[in-house]
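Down below is the structure, laid out as structure tokens.
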Amino acid sequence: MTERVYAGTLRREKVGRKVALAGWVQKRRDFGELIFVDLRDRSGICQVVVDRERGASEETVNTAKELRSEFVVRLEGEVVERTEGQKNPKLATGDVEIVATHVEILARADTPPFAVEDDTDAAEELRLKYRYLDLRRPSLTQNMMLRHKVAFAVRDYMNRNGFLEVETPILTKSTPEGARDYLVPSRVHHGTFYALPQSPQIFKQLCMVAGLERYFQIARCFRDEDLRRDRQPEFTQIDVEASFINEEFIYTLIEGLFTEVFPLAGIPVPVPFPRMSWHEAMERFGIDRPDMRFGMELKDVTAVARTIEFEPFRAAATVRAIVVPGGASLSRKRIDDLTEEAKKLGASGLIWVKFDAQHASSIKKFLTDASFDALRQTLRVNENDLALIIAGKELKVLDALGQLRLRVAREQGMIPENRFEFLWVTDFPLFEWDEETQRYFARHHPFTSPAAADIEKLESDPGATMARAYDVVLNGLELGGGSIRINQPEVQARMFRALGITDQEARQRFGFLMEAFRYGAPPHGGVALGLDRMVMLMARAESLRDVIAFPKTARAQDLMSDAPAAVDEKQLDELGIALKKGT
RNA sequence: GGGGCUGUAGUUCAGUUUGGUUAGAACGCCGGCCUGUCACGCCGGAGGUCGCGGGUUCGAGCCCCGUCGGCCCCGCCA
């Protein structure tokens, strides 16, 4: 039997070879006794010629006539160079074609509900229902291949660096706090539930207590929260933990990993990555994961604003601005829309100043020539720039302006394509104050170590305590984050107290971890990277759905299998579960 | 939980403003012809639960109410 080769790999070097191809019919072009068939397999597409005048029997021609889109075929023939004028530069294999001697239909196919081709305009809803057809489209096939390459490279790299891949339980225990858990009822113990892991956090720390020293896992994680284009309810983390290490070890490890992974998609990775404290990120970009591909940084104009007879400026704790280059040409309507957006983002209002001949501004009657010039100098604007100014409480102002910066940049086309700006964000506060519940909660998680110098602040000034935590950011997207953990039981106890968790609650929720730490926990720390997001950026995809084989919709359903679905009464009985009326 | 957009042949859409004869187009599909196509071409043909349910009306794809699904954003995501 002739050896099968992949259709997309055929090039001029293969001319003269007898080969077999197997795959799906992309397209048939029928000229009677001459038939062209585009054959697709996962490697690509190659044109096949079935020609009565070039050795194809009548039977072979008749078989080729029967072919329709998505039929599965096996065929044999010879690789032949096309004559000049017959070559197709649009096809990677366009210099050659297969002159077929034999064609066999392995499986027939119904007409697909949409054409299997890259530039499909089929609705995503339809494509998700027939996901196996969607995945045949070369761009999705290639995304799956890229994802495999990334996962494979990660395993290889981690292995070379002495990390052991350890599987942790999927059926685990709910730890309230954090995201909503997916629950799995226990049949053996009615009324109790497993939770699917939000991350293997506690187990990987137990691996450190267990003395495995270096752990990693390509781990599925589950969070029952609403979806976004970059958020799926189940997703994959590259989960890493190591003992006897510090922050620098993690930075070097991950930078090294990225220098092997991102080039798989042609993306260069200059190391080391720049680093920025959380505080600086907030001040300059109004966000803890700044997109460094463009400027338009936030500027502090509080001092100048105080000189303006405009009450909101005088009353505000702080006044900040961004400068939109050439933004003076923005229409009044557009600026009004931005004002609306700013209000939705929590700003009390949006002040704008155009640095054009008219000095147009929403506060023109308060704006003297002197203050206009002072603003011009402080902001270092050019002619025809536009300043967008927000006054108010510091965090609200920074946050709203940071969001506005991103929207304006997107709409004004200020974000360069094909640039990849990596960044470490460091020195996070350990706690965040929650207005709603009037208490502190852990910004990262409750096992994050406070900075050595700040341990005493756990009791005296929790809000000022810095964490040994870090995030790795790419183009404004959080790729991952981690921390050096607490390994001293008494520090952990103080941490729980600062979080308002009683000893009893702590024992109930994390007792096994607390107990484990009494038996000698090495200093350790780690990081978790979003594999899906990494592949999404590498594939230049718009949505996580484009890099997950079988993703869920915005309402967390699988349109192909129809999950989630009702179950039999019998199944519920076995679990001791009765549904509430009306559901 | 809130906001925006959206659902009409297999597919992508038009038709909804101003309710009115038989709901159109392109691609795809089916049959025929065709030896250099790769958006093949030419001739002929079939194909509709206007998401679903109810209401208003002499009459609803179009108006009203409800409901289901898809996408994006806010909240949420330690």
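Below, chains carry the letters A, B, ... as their sequence lines are ordered, and counting in each starts from 1.
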Using only modelled atom types and a 3.5 angstrom limit, is any donor from either the side chain of A/D30 or the base of B/C34 paired with an acceptor on the other?
yes

Proximal nucleotide (of B/U35, B/G69, B/U12) relative to the A/E125 side chain:
B/G69

Can you check the A/R68 CZ to B/C29 P distance for me, whole Å?
8 Å

Options B/U37, B/C72, B/G1, nucleotide nearest the side-chain atoms of A/R545:
B/C72

Answer with base, sugar-phosphate or nothing: what part of the nucleic acid does A/A115 contact at a heavy-atom distance below 4.0 Å?
nothing

Take atom P in B/G28 and the same atom in B/U12, then report the distance between them in whole Å.
15 Å

Among B/A78, B/U37, B/U12, the one nearest any side-chain atom of A/R29 is B/U37

Distance between C1' atoms of B/U22 and B/G59 (Å, rounded):
16 Å

Pair assignment for B/A46, Watson-Crick or G-U wobble, requiring both distances under 3.5 Å:
none

Candidate nucleotides B/G70, B/C38, B/U12, ranked by approach to the side chain of A/D38 - the nearest:
B/C38

Over how many whole Å does the gap from A/L345 atom CG to B/G75 atom P extend?
8 Å

Compare side-chain N and O positions of A/R127 against OP1 and OP2 of B/G70 and report whether any pair is under 4.0 Å apart.
no

Any donor-acceptor N/O pair under 3.5 Å between B/G75 base and A/R228 side chain:
yes

Distance between the C1' atoms of B/G4 and B/A78, in whole angstroms?
30 Å

Taking atom P in both B/G61 and B/U21, what distance in whole Å separates the two?
10 Å

Residue A/F36, side-chain atoms from C-beta onward, closest of B/C76, B/U37, B/C38:
B/U37

Counting only side-chain heavy atoms from C-beta out, which of B/G70, B/C72, B/U35 sits nearest to A/L34?
B/U35

From B/U37, B/C38, B/G70, pick the nucleotide closest to the side chain of A/Q557?
B/G70

Specify the separation, in whole Å, of atom CG of A/L126 and atom C1' of B/G10.
9 Å

Which nucleotide in the list B/C72, B/C77, B/C34 gets nearest to the side chain of A/F31?
B/C34

Can you tell me, in whole Å, how much space there is between the P of B/A39 and that of B/C27?
15 Å

Side-chain N,O (A/T111) to OP1/OP2 (B/G28) below 4.0 Å:
no

Complementary nucleotide for B/C76 - Watson-Crick or wobble, under 3.5 Å:
none

What is the distance, rounded to the nearest whole Å, between atom CD of A/Q237 and atom P of B/C77?
16 Å

Any A/R555 side-chain nitrogen or oxygen under 4.0 Å from OP1 or OP2 of B/G69
yes

Heavy atoms from other residues, nucleotides or ligands near CG of A/D110 exceed 12 (cutoff 6.0 Å):
no

Figure out the CD/P separation between A/E124 and B/C72, and round it to whole Å.
7 Å

Nearest-Å distance for atom pair NZ/C1', residues A/K27 and B/C38:
9 Å

Identify which nucleotide among B/G69, B/A78, B/C72 has an atom closest to any side-chain atom of A/R223, counting heavy atoms from C-beta outward.
B/A78

Can you tell me the Watson-Crick or wobble partner of B/G7, both distances under 3.5 angstrom?
B/C68

Base, sugar-phosphate or nothing for A/E478? Non-hydrogen atoms, less than 4.0 Å.
nothing

Should A/K344 be listed as having a side-chain N or O under 4.0 Å from OP1 or OP2 of B/G2?
no

Can you find a donor-acceptor N/O pair under 3.5 angstrom joining the side chain of A/R231 to the base of B/C77?
yes

Is there a donor and acceptor pair closer than 3.5 Å between the side chain of A/Q86 and the base of B/U37?
no

With respect to the side chain of A/D121, which nucleotide from B/C38, B/U12, B/G69 is positioned closest?
B/U12

Would you classify A/S199 as touching base, sugar-phosphate or nothing, given that sugar-phosphate means primed atoms plus P, OP1 and OP2, and contacts are heavy atoms under 4.0 Å?
base

How about A/M560 and A/K129: do any of their side-chain heavy atoms sit closer than 4.5 Å?
no

Can you find a donor-acceptor N/O pair under 3.5 angstrom joining the side chain of A/R82 to the base of B/C38?
yes

